Amino acid sequence: MCGIVGYIGKEQAAPFLLDGMSKLEYRGYDSAGIAVMEGAKIRLEKCVGRLEALRAKIAGDMPVGTIGIGHTRWATHGRPCDRNSHPHADSSGKFVVVHNGIIENYLVLKEQLIEKGHVFLSETDTEVVAHLMADLWDGDFESTVKKVLKEIKGSYSLVFMTEYEPKKIICTKKDNPLVIGLGEGENFIASDIPAIISRTRRTFIMSDGEIATVSADGVWVQDINGTPISKKVFVVNWNAEAAEKGGFEHFMLKEIYEQPKAIRDTMTGRVDKETETIAFPELNWTPEMMASINKIFIVACGTAYHAGIVGKYYLEQLARVPVEVDIASEFRYRSPLIDGNTLCIVISQSGETSDTLAALREAKKLGARTLGVTNVVGSAVARESDQVVYTYAGPEIAVASTKAYTTQILAMLMLAIYVGRLRGTLGEARAKELVHGLGLVPEQVHELLENVDQIKVFARQYASCEDAFFLGRSLDYAVALEGALKLKEISYIHAEAYAAGELKHGTLALIVEGVPVIVLATQSDVYDKTVSNLQEVKAREAVVIAIGFVGDEVLKQHADSVIYIPKTDKYIAPLMAVLPLQLLAYYAALTRGCDVDKPRNLAKSVTVE
């Protein structure tokens, strides 16, 4: 997730920008840059790598000026390199912009601008915005920004500078955070509060569609029609460490609550709500190509492996392709049957997981076509796969994966719909139904996360238990696997997930009085059987916590407690059902006094075999 910092006032901008950007390093980034109004000209300095590289580059020749913007980039379009780093300028250098988010229609706009003679230097979507400013310039800064906003589609936080009006910075946002900090004779802009907390605690949060014109003397906020907007100022009372976590106690909790945005970002440019269709412009697969695929392998480790199991259900049921899911560390050692008609999908949050990379190389050696699903642009998985689908979750700091998992299963569902339509195995009406449901997910996830008191109570009640069991059938079983992993890795409670139909084949021996059993019941085609399995464990006096859809009265009759999730399609349900499991694990770990963000013996990215 990229970081934005802006300053306008009486002091030198560059030192503040660098300091503010350093406070956003925890968010993860691959390059950094600043733009400062130096005299009558905007001076850009940027480079790939850590902030130290940028500091070294300008050491002894710091830009001089009291107005500037800075950016730490987490790559989404274009590999990490100097020319793809922000800020970006038009060909004349008179218009400069920094941007968090994704411009969906940048390719169309870029082609139009190239036809007009604009020369692009980067591979990014952001550079289009700077060139649009130049192309649409009408002599007025605010007016031109509004024209640009009417042309672009996507999610963004945007901050603009121009040499034509050197005493103003203009910023706006849609679906990405932006904060204004208020000072005396100076004002600040940031994507997150830690960047400005050392200089001011008087802030306000920008809302979608608002445009702020920021000068040293004040901030003017309006909508795109010019209607003034009055903003309520609040005083931040967090310390610097809490500010990095957005006021949350831990990064894991912050990342759980970032899931509505992560889901929205992963759908951006791929889900067309108007036509209710799925597109993957980065793939350009054809019906002929997909018809030739007779088998798919999904290979991953840990949480990504669980996302792969969900993906197997999606691809087999919607695209009607046989799918095998392998733990990456086992894949190479079983001589998998692969040929040129095999597609191997490798899933990795970091894109650097050693076992997954080894499996990818083995699949390529055996002649398979390969697809990487990863969160990190320019990672080894992205470089070495034939094609790549990015999950725009932004960086995860906590070791236990949350938003990376939900965006992985979202990517797999979108991929299955896309492939199903290409292969003709998924009807148009059913595909539209699924895409419509996906469009509702970010708000439904937000709604679910606003009502967690019941989960906190369960966590406190059962955190002293040393064993817990998760049950589900079909897709619910795949989600149960992830729920059990979350609980064991951060609370150290021994937790196991079982396919509910396997109870009588051994698992019932472990069900005793008082043991907590979490039963997922969101899959309509196996619902009655799941309820029967629930009754089996209740008969052994287990404590049953069920997870089902709002309005399910049957579960209420048989379970001790029910956690309700918003009603949705059975294929979309895994995106919802996993959230209570993440929160249950988090609050159980909190109750037990565990180090939530850094559980014992574990690392974020496993880069050795």
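A quick note: this is a predicted structure, and the numbers were derived from the prediction, not measured.
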Aromatic ring centroids of Y257 and H446 under 6.0 Å? no

Is D138 salt-bridged to K147, going by a charged N under 4.0 Å from an acidic O? yes

Should K173 and D208 count as an ion pair when the cut-off is N to O under 4.0 Å? yes

Could you check whether E186 pairs with K10 (Lys NZ or Arg NE/NH1/NH2 to Asp/Glu carboxylate O, under 4.0 Å)? no

Residues D90 and K94 bridged, charged N to O under 4.0 Å: no

Distance alone, cut at 3.5 Å: any donor-acceptor contact between the side chains of T124 and T126? no

Is a side-chain donor-acceptor pair under 3.5 Å present for Q408 with T391? no

Check E165 with K167, please: is the shortest side-chain N to carboxylate O separation under 4.0 Å? no

So, are K110 and E123 salt-bridged, with charged N and O less than 4.0 Å apart? no

Is a donor from one side chain sitting under 3.5 angstrom from an acceptor on the other, for T66 and Q12? no

Is there a donor-acceptor contact under 3.5 Å linking the side chains of N100 and H71? yes

Would you tell me whether E482 and T303 have side-chain atoms, one donor and one acceptor, within less than 3.5 Å of each other? yes

Pair E258 + K254, salt bridge at N-O below 4.0 Å: yes

